[in-house]
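Starting from 1, each residue takes its place in the sequence as its number.
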Amino acid sequence: MGTVLIPIPDRDFDPTEVAVSWRILTREGHRVVFATESGAPGAADDIMVTGRGLDVWSALPALGAIPLIGLALRANKDGRDAYREMLASKEFRHPIAWAQATLDGVDALLLPGGHRARGMRSYIDSDTLHRLVVEAFARKVIVAAICHGVLLAARSVDPARGRSVLYGRQTTALTWAMERLAWRLTRVTRFWDRDYYRTYTEEPGQASGYMSVQSEVTRALEDPADFRDVVRGTPGWRRKTSGVARDRATDSRPAFVVDDGDYISARWPGDTHTFATVLSRKLM
């Protein structure tokens, strides 16, 4: 069994990617250590927990408590249950600070995601975490990244090579097709916060999607073909790319996970059960 370090932002992380991973790993007997920027327990993006805040009536006192669009985008029951369990766990209630995090005695580094800019930018842009990720790759510690966690890895530049740690690796991440679909929907229904679903948006003159997770991760790779996605027309393609079907502990069919030896990646919360199970098996 192994020890897994999971750095998360102080707020706005994805509840499924963190909590389901925690539950699978701890149930399999692995030790999990959480790290936050402040050293205090973190909090997930409340919209992704409750679903409230994504409808055009969300700002109204009475109707705001009734989600509709949010029901489709929030964590499913399995993710919400895992999040409640995790909140009460000793390891989650007693994290260390990013600055105190070390890889000594650590067998794997798990980088979860989230998309809400107010909390996620400090995580993705953290020099402290960049150095930790570079060290993990250099020491051959297993690195597992999902969704925007892959962007954190892509931005981690190995000073010895002057390139991202993902250069020469095969990876997936949140695809532009998935990110664009959720963004287009929520920028209409959450019209007062149109870019809620985009952590980074394009500057004037940049092409649409230039600052998407997929585009930025791809720019960090040796070969654009090293960004992996489900091939159209292959078995299960529609289920895996719908953005609706999510995997479960007993059903990995909707998931897409890239296993590149000591580096594992996945796209979105709907891959988390499979993603965490692949990591767990590598630690046994």
Side-chain angles (χ1 to χ4, degrees), residues 6-9 12-18 21 44-45 47-48 73 75 109-126 129-130 133 137 143-157 163-167 169-187 193-203 206-231 240-244 246 254-258 260 263-272 274-275:
I6 307 180
I8 57 176
D12 293 334
F13 60 82
D14 182 84
T16 300
E17 292 168 5
V18 176
S21 295
D45 180 354
I47 293 177
M48 290 295 100
L73 294 179
L109 178 66
L110 194 158
L111 308 175
H115 57 266
R116 198 171 193 177
R118 66 175 191 176
M120 289 301 297
R121 285 191 178 187
S122 64
Y123 170 76
I124 296 169
D125 296 336
S126 169
L129 294 184
H130 292 166
V133 173
F137 275 90
V143 177
I146 182 170
C147 196
H148 282 67
V150 181
L151 184 53
L152 168 59
R155 291 191 176 190
S156 299
V157 176
R163 301 183 185 278
S164 168
V165 294
L166 297 187
Y167 189 86
R169 294 282 189 163
Q170 291 195 338
T171 190
T172 192
L174 180 66
T175 65
W176 177 224
M178 286 182 166
E179 187 175 0
R180 180 176 52 196
L181 178 63
W183 178 47
R184 285 178 173 173
L185 179 62
T186 57
R187 72 195 310 247
D193 183 17
R194 291 165 58 85
D195 291 325
Y196 160 74
Y197 208 85
R198 294 290 305 279
T199 311
Y200 302 92
T201 53
E202 288 71 39
E203 298 291 336
Q206 291 179 335
S208 176
Y210 182 81
M211 293 303 297
S212 68
V213 174
Q214 178 175 348
S215 291
E216 186 169 352
V217 169
T218 299
R219 291 195 294 273
L221 304 179
E222 181 177 17
D223 184 336
D226 288 337
F227 187 95
R228 305 295 303 279
D229 193 7
V230 186
V231 177
K240 290 177 181 293
T241 59
S242 68
V244 175
R246 301 187 181 215
F256 181 72
V257 175
V258 174
D260 190 32
Y263 172 60
I264 307 159
S265 58
R267 304 166 302 168
W268 74 303
D271 297 334
T272 307
T274 308
F275 166 76

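- The two atoms that bring Val257 and Asp271 nearest to each other are CG2-O, 4.3 Å, heavy atoms only.
- By the 4.5 Å heavy-atom criterion applied to side chains, Val213 and Cys147 are not counted as neighbours.
- A salt bridge links Glu216 to Arg155: at least one charged side-chain nitrogen sits closer than 4.0 Å to a carboxylate oxygen.
- Met120 CE to Thr199 OG1: the interatomic distance, rounded to the nearest 0.5 Å, is 6.5 Å.
- A cation-pi arrangement, defined by a distance under 6.0 Å to the six-membered ring centre and an angle within 45 degrees of its axis, is absent between Arg228 and Phe256.
- With rounding to the nearest 0.5 Å, the separation of CD1 in Ile8 from CG in Leu111 is 12.0 Å.
- The aromatic rings of His115 and His148 sit tilted relative to each other, their planes meeting at an angle between 30° and 60°.
- In this structure, Ser126 contributes its side chain and Tyr123 its backbone to no donor-acceptor pair below 3.5 Å.
- Considering only heavy atoms from C-beta on, Leu110 comes within 4.5 Å of Ile6 through its side chain.
- No salt bridge links Asp226 with Arg169; every basic N to acidic carboxylate O contact stays at or beyond 4.0 Å.
- Here CG of Leu166 is found 4.5 Å from OH of Tyr263. Values are rounded to the nearest 0.5 Å.
- Contact detail for Val165 and Ala153: the closest heavy-atom pair is CG2-O, 3.3 Å.
- Remark: of the listed residues Leu174, Leu151, Thr175, Thr175 is the sole one forming a side-chain contact (heavy atoms from CB on, under 4.5 Å) with Gln214.
- The side-chain heavy atoms of Phe137 and Ser164, taken from C-beta on, include no pair separated by under 4.5 Å.
- Of the possible polar contacts, none joining the Lys240 side chain to the Pro254 backbone as a donor-acceptor pair under 3.5 Å is found.
- Interatomic distance, Thr172 OG1 to Phe275 CZ, rounded to the nearest 0.5 Å: 11.5 Å.
- Shown here for Pro7 and Pro112, the closest heavy-atom pair between the two residues is O-CD, 3.5 Å.
- The shortest distance between side-chain heavy atoms of Tyr196 and Arg116 falls below 4.5 Å.
- A distance of 4.0 Å separates CZ of Arg267 from CE of Met178, quoted to the nearest 0.5 Å.
- Among all heavy-atom pairs drawn from Ala182 and Tyr197, the shortest one is CB-CE2, 3.3 Å.
- A distance-only check finds no donor-acceptor pair linking the side chain of Gln170 to the backbone of Asp260 [under 3.5 Å].
- Atom CG of residue Asp223 and atom OG1 of residue Thr218 lie 10.0 Å apart, to the nearest 0.5 angstrom.
- Looking at every heavy atom in both residues, Arg246 comes nearest to Thr16 through NH1-OG1, 4.1 Å.
- Residue Tyr210 comes nearest to Ser215 through the heavy atom pair O-CB, 3.4 Å, listed as atom of the first residue, atom of the second, then distance.
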